[in-house]
Structure formats: structure tokens, C-alpha cells
Amino acid sequence: MAKVRTRYAPSPTGHLHIGNARTALFSYLFARKNGGDFIIRIEDTDTERNVPGGEYSQMAGLKWLGLDWDESIDKGGPYGPYRCMERLDIYKKYVDKLLAEGKAYKSYSTPEELEKERQEQLARGQAPKYSGWDRDLTPEQQAKLEAEGRVPSIRFRVPEGRIISFEDAVRGEVKFESDGIGDFVIMRPDGRPTYNFACVIDDALMEITHVIRGEEHISNTPRQILIYEALGFQPPQFAHIPLILNQEGKKMSKRDESIVQFIDQYKELGYLPESLVNFMALLGWAPEGEEEIFTLEELCQIFSLERISKAPAIFDTGKLKWMNNHYIKKASLERIVDLAIPYFEQAGLITLPLSEEKKNWITRVVALYQEQLDQVSSIVELSEIFFRQEVEYSEEGKQVLAEEHVPAVLGSFLAKLEEVEEFNPDQIKTVFKKVQKETGYKGKQLFMPIRVAVTGEVHGPDLRETLSLIGLETVKQRLQKLVDNKE
RNA sequence: GGCCCGUUGGUGAAGCGGUUAACACACCAGCCUUUCACGCUGGCAUGCAGGGGUUCGAAUCCCCUACGGGUCACCA
């Protein structure tokens, strides 16, 4: 059995999309599960769409997710180069071979003519398919067309009347009739191969054993198989994974606002890579048991092609949030604090570098909210009360403050605060006890007025810690103001 | 339009001829708690898109219909 080799072959047209990331993940998991190699190859033959930095961005995204690879443009490998545009001479060699054997031919239609032909077929209700008018031109005819200034592209001659079938690891046997496939371009006039051609040559030469890719490629597969056959290559095992749909059941489009679609956006929002990995693994794949929380390492152990679903996967954003919260709770406080600091800084709430004291303070604030954070960026909004200069009393808060016993509690609390030496949670606890003894109020009646008086809100994290973090002076000021108003 | 694929609760998703139709999210109720959040316990599909078959027996197999999706590029 040959060593398993899988690849992720992005075109460097932009940032790492969640769908591509999941394809890469599946390919990675399958390779690791089987002790194989994972390769990244850059499909940059559509030179007009390539964006500068696209390659780096793709790889940075994968790296952030925790995926690594064995061969690629950054580290080389025995099957390079790993960028299609650096393999042009290789493609040419195989095109020449097909040409010589009559399995491909020079085609002279211009893009304008093709588009016109296409539109006409569509208008007639026909399936668009290349006419093949220039399939069997004589050298003289070709010379004449070239004299007109036409530069030929190379088309693959699709055999007639064939049934092309292959065994897909996800879908089982898949069949296509060759008659539904028109002769397709494998090399553009300028010598750049098209995807279907480059993909076959590269996968074959790089000895890729398993091609795991999105379902949208399923209809490309018969074309590619034809090329494998024409060149005498052994096709790999194919596995077409289901598409990811948004919550309306529609294919995610780049413009779709309902879902955050790019990996670096998740990073910016404060998602943890392990939650994204876990979540993506469950997009179209299901583990055997009931457990659904897995580390990357665990996934490498249990992943299998057999358990990939045929039905499209729906992107459940609520579930992702829940999962991210799960991992945030599991993470160390220190890690979450480090992630949180930039958000505070961007919001203008703190300035860097942080003093030791301020860092400790921030750490305590973050600790208060760690268990309810579903994305780290939310920390700014959640912890708002610790950064406000003035208290703003909510409607519910005002109602609490209007209660009869409130002045007594507040007055007593304020007075007892004078005796405090260090304003820490323990000391505050003893102050509470004293106030309780003096006023006779306890529980909700005791704590709620104090909470509202200092924070303006009826809800919030642990009161003692909250007071301690807001600081003695501010607490006294706020209480004093209320006590004064009452009098 | 041709060809391919899919359809299980409010949501995601197991299920591969005989199950009380997992599990999770959400939601509701209760507990915990000064409040919120977390956590815990319980509730939540007489039903597997609809209609026909096959079978002693079907979410599971077959056919039709509906709906959704993919694809038919000198884009990957």
C-alpha cells in the first residue's frame, strides 16, 4: 500500500475561507490518521485573480488553526515546485504528448464566439456544450486561422459514448456520460493550463493518493479521469465532501452577511482556533460516539472518510458560539487575558504597556467574565461597568433604589467603609456583615441596593470582587452622592 | 433545460430492515446563588418532506411528486 498523500490546493485569491479551511482540515486529518503526508499546492493559474499576499494569508490561517504540512512553497519537498505557475514546462510536456497522440487539438474559437455559442444554446434550452467545429481541422485550415491572427488554445478531445464512473469515498459509485461533456480547454493560448488539467498532472506527479475536496468539484471529476486515462496515470481515490450551507439552507456566498466566513475574522473576534477546528470537523462529518468535543490530536485519531455525510452541512452559528464559550472556559485565565488586552486597548480603555498593577487589575476583571464569554472581543462590552466614569442607573436599578430601606443600607455601608484598611473581597465581606447586623437587612435587600448604587445595574458578577475592583474611592463617591440626594 | 445529489424536532445531527428515534444547541421548568453568568436535574419528534409500493415488520429498500442544492467556463 502506497503511503497516503493528501493535498490542499487553494488559489491565492484571498483570505482563508471557512469552507476551504474545512477541506484542508479533512485532508490534513485523513493524512495524519493514516500516517501520511499533507501537501499544500498553490493553484495560481488564474493569474488575474491572484492577489498579492494570498498565499501567505492562506498558510497563516492554517497555521493559526494548528495545521502543519509536509511539503509546500515555504518548505519545499521532493515533488516541487508547489506553485502551478512554476510548473508550466511540465504541463507543456504533457499537452504536447496529448496533441501528438490526437487526444487533444488546437482550438480556434475566441472568447467572444464561445460566449455567443453558449448564449444561443441556452436560449434554445440546450445544455451548453462546445460544438467541436475545429476538432478535425487539416494543418492547412489551422494555418489559415492562425494567419488571421488567431492563437489556439488546446482542447481535450472527449470520447463519445463513454460512461465514466468512479468510486467516491463519500458517495459511492458516481457515473457520468461522456456525451454530456464538451471538449474542454486544457491549456490557454498563452501556455497556462486550466484547473482541470493542472490538477491532474500535479496530483499524479505528486503521487497524491486521496483527493478530498468540495462537492462542487464532483462534475469536474469525469473530465479529470479522462485525462488520467489519456496519460496513463492511475487516478487517486476521490472523496467529495458536502457543501456548507447558511442557516437559510443556501450556499454561502462571499457577500452573505449572516455568517462570518473567513478564518482571520474569527481570529479578530476572539475565537479560539481549537473551537473552530472542532466545529469545522463536525461540518459534514460525525464521530462514532456521543462525544463531540475533540482536540486536533483526537480528531487525527478518529477521523474517517466513511463517516462523512452526503447531505449538505448547515452552518449553525449558535453552536459555534457555544463551542467557543466552552473552549474559553477551559482555557487558562492568562491566555484569555492576553487575548483580551488588545480589545481594551483598541477601545481606548487602557494604554500599553500595562503596569504590573494594571495588569493584575485587568486580569481580575477578565476572570469575572471568562465563564460567559463566547468571543473574547465581547469582554469590552461585558466589563463596561469597570470603565465608566459616571454611573448610569438602569430602569430596574432606579426601582431598586426607590425602595424604602435603601437609604439605611447605603448610609450604614458608607459609614462602615471608613474603617476599612484594605479594600479587598474579604474585608468587604466583613463590612457586609457589620451592615447586616446594624440594619437588620440581609440577602437581596442588603446586596441589591449596594450593587445598584455602585454599578447602576441589578445584574452583574460577584459583588465583593466588583466593589474591590472599582476601588474604594469611587465606591464611596457614588454612595455619597446618593446619600446626599436623599437628604 | 440536461446530468448528479440531498430532505430526520425550533436548530445542528446520529441512525445502514425490528431502537422507548441517540447526542448537542436553543427553549421551558426546577435546583444552586445576594443578582447575572456558570453548573446540575428534568421536559421538549405518536414522528423521520408528501404519496405510493416491497416486507411479518421501513426513517432505513424501490418508484413518483415537491422542495433545496451542485454542475454544465480559456474560475478554482
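Every chain is numbered from 1, with letters handed out A, B, ... down the list of sequences.
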Just call it for A/P242: base, sugar-phosphate, or nothing, with non-hydrogen atoms closer than 4.0 Å on any strand. nothing
Could you spell out the base pairing of RNA chain B in dot-bracket, with Watson-Crick or G-U pairs whose two distances are under 3.5 Å, [ ] crossing and | to another strand? ((((((((.[[[..)..(....]]].(((((.......))))).....[[[[[..)....]]]]])))))))....
Any non-hydrogen side-chain atom of A/K444 less than 4.5 Å from a side-chain atom of A/R451? no
Does a side-chain N-to-carboxylate-O contact under 4.0 Å join A/K93 and A/D89? no
A/A313 side chain: which of B/A13, B/U35, B/A76 is closest? B/A13
Check every strand shown and say whether A/N220 touches a base, only sugar-phosphate, or nothing at a heavy-atom separation below 4.0 Å. base
Nucleotide of B/C5, B/A37, B/G68 approaching A/K250 most closely (side-chain heavy atoms): B/G68
Using a 4.0 Å heavy-atom cut-off across all strands, classify A/K329 as base, sugar-phosphate, or nothing. sugar-phosphate
Distance-only donor-acceptor test (3.5 Å): side chain A/D316, base B/A13: no
Quick one: is the NZ or CZ of A/R464 closer than 6.0 Å to the six-membered ring centre of A/F432, and within 45° of its axis? no
From the set B/A26, B/U71, B/U11, return the single nucleotide nearest to any side-chain atom of A/E216. B/U71
So if I take every side-chain heavy atom of A/A286 and compare against B/A14, B/A76, B/C36, which nucleotide ends up nearest? B/A14
Give one of base, sugar-phosphate or nothing for A/P128, where a contact means two heavy atoms less than 4.0 Å apart. base
If you measure from the C1' atom in B/C61 to the same atom in B/C16, how many Å do you get, rounded? 11 Å
Select one nucleotide: of B/G69, B/C36, B/C74, the one nearest the side-chain heavy atoms of A/Q372. B/C36
Do any N or O atoms of the protein come closer than 3.5 Å to N or O atoms of nucleotides 29-34 of chain B, and which pairs are they?
from, atom 1, to, atom 2, distance (Å)
B/U34, O4, A/L463, N, 3.3

Per atom distances to the A/K319 side chain, the nearest of B/U7, B/A24, B/C72 is B/A24
For nucleotides B/G51 and B/U41, find the distance between their P atoms and express it as a whole number of Å. 39 Å
For B/C4, does either OP1 or OP2 sit under 4.0 Å from a side-chain N or O belonging to A/R171? no
Rounded C1' spacing from B/U7 to B/G50 in Å: 11 Å
